[in-house]
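To find a chain, count down the sequence lines: A is the first, B the second, and so on, and within it residues start at 1.
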Amino acid sequence: ETGVTQSPTHLIKTRGQQVTLRCSSQSGHNTVSWYQQALGQGPQFIFQYYREEENGRGNFPPRFSGLQFPNYSSELNVNALELDDSALYLCASSTGTSGVTTDTQYFGPGTRLTVL
Amino acid sequence: AQSVTQLDSQVPVFEEAPVELRCNYSSSVSVYLFWYVQYPNQGLQLLLKYLSGSTLVKGINGFEAEFNKSQTSFHLRKPSVHISDTAEYFCAVIRQGAGNQFYFGTGTSLTVIP
């Protein structure tokens, strides 16, 4: 039990729609990262937020966006869904300071998104 | 650019036998190294990490890993596996001084056979 929760557990959308995924981090964890894990693959880094500001981004298009709130919750928004967006989306929180992520990341169980 | 290669996608092993899960990385700069475990329908859990110091790192659940800079490897070992070790294992790196992006391997599925 990591103390990181994600909602919903599963979600089905159709191509072109928009989706919002939510993550609730442990209290005091001011850094949250989001990952996309396609079936049979390792997680791919989408972006990281530190104190409500984006603090690094992987190779994902701008239709992937995020927000982090003062209450240690965060959101991943994906616009104009494509079939290839079907994946497990993981959030991970840590106490790492900006630019340093060697502190332990605590992962949530993920949201399984299916795009039809 | 960084890449992480996990050479074995599936590793079956009998209960109480030793196991080694292999991980190699490529990077033009020094890296920090991590092993994570993912049980079915759960998120990833940190097993161990190498930041600096002794190249032999001990983690949770009896796992250990050895950093070999010359061979750019960070193989995970356990001398005697249990049924409960059946899971997916991921190796990951972060570039030193470039903080926050993890690069994960494609994972190794460990199956412990009774």
Side-chain angles (χ1 to χ4, degrees), chain A residues 1-7 9-10 21 23-26 30-51 53-60 87-112, chain B residues 1-10 21-25 29-53 57 59-60 67 74 76 87-110:
Chain A
E1 181 64 44
T2 63
V4 180
T5 58
Q6 293 187 242
S7 63
T9 306
H10 296 85
L21 310 181
C23 172
S24 179
S25 305
Q26 290 189 35
N30 50 25
T31 301
V32 64
S33 301
W34 285 89
Y35 295 86
Q36 180 194 67
Q37 186 178 13
L39 201 61
Q41 300 296 316
Q44 299 284 317
F45 176 75
I46 302 175
F47 45 56
Q48 183 185 83
Y49 278 77
Y50 170 68
R51 293 186 174 177
E53 297 284 336
E54 188 177 291
N55 185 43
R57 188 178 185 91
N59 189 26
F60 281 82
L88 180 69
Y89 288 85
L90 298 164
C91 74
S93 70
S94 68
T95 58
T97 56
S98 176
V100 180
T101 316
T102 56
D103 290 332
T104 298
Q105 290 195 94
Y106 295 87
F107 282 80
T111 293
R112 175 75 61 187
Chain B
Q2 290 67 236
S3 71
V4 180
T5 303
Q6 293 183 242
L7 298 166
D8 306 297
S9 60
Q10 295 184 351
L21 306 184
R22 296 180 293 170
C23 173
N24 287 85
Y25 68 92
V29 300
S30 295
V31 297
Y32 300 119
L33 296 149
F34 303 77
W35 274 100
Y36 280 85
V37 60
Q38 187 175 33
Y39 299 102
N41 301 314
Q42 294 186 28
L44 280 71
Q45 179 184 5
L46 179 67
L47 278 176
L48 48 77
K49 61 183 176 183
Y50 172 77
L51 304 182
S52 65
V57 181
I60 63 171
F67 170 55
F74 191 54
L76 182 70
E88 191 83 15
Y89 291 80
F90 292 95
C91 181
V93 304
I94 297 178
R95 292 186 305 164
Q96 289 189 25
N100 52 22
Q101 181 164 351
F102 271 80
Y103 295 87
F104 283 87
T106 53
T108 296
S109 177
L110 174 65

Fill in the blank from the handout: Contacts of A:Gln37 meeting side chain to side chain donor-acceptor pair (under 3.5 Å) (sequence neighbours excluded), chain-then-number -> B:Gln38
Fill in the blank from the handout: Residues passing the side chain to side chain donor-acceptor pair (under 3.5 Å) test with B:Thr108, sequence neighbours excluded, are B:Gln6
Exercise for the section: Enter the distance from B:Tyr36:OH to A:Phe107:CZ here, rounded to the nearest 0.5 Å. Expected result: 5.0 Å
Exercise for the section: Compare all side-chain heavy atoms of A:Pro43 with those of B:Phe90 and state whether any distance is below 4.5 angstrom. Expected result: yes
Exercise for the section: List the atom of A:Phe45, the atom of B:Phe102, and the distance in Å for their closest heavy-atom pair. Expected result: CB-O, 3.8 Å
Completion exercise
All heavy atoms of B:Gly43 vs all of A:Leu90, minimum pair found to be CA-CD2, 4.4 Å
Exercise for the section: Count the heavy atoms belonging to other residues, nucleotides or ligands that lie under 6.0 Å from CD1 of B:Ile60, then report whether that count exceeds 12. Expected result: yes
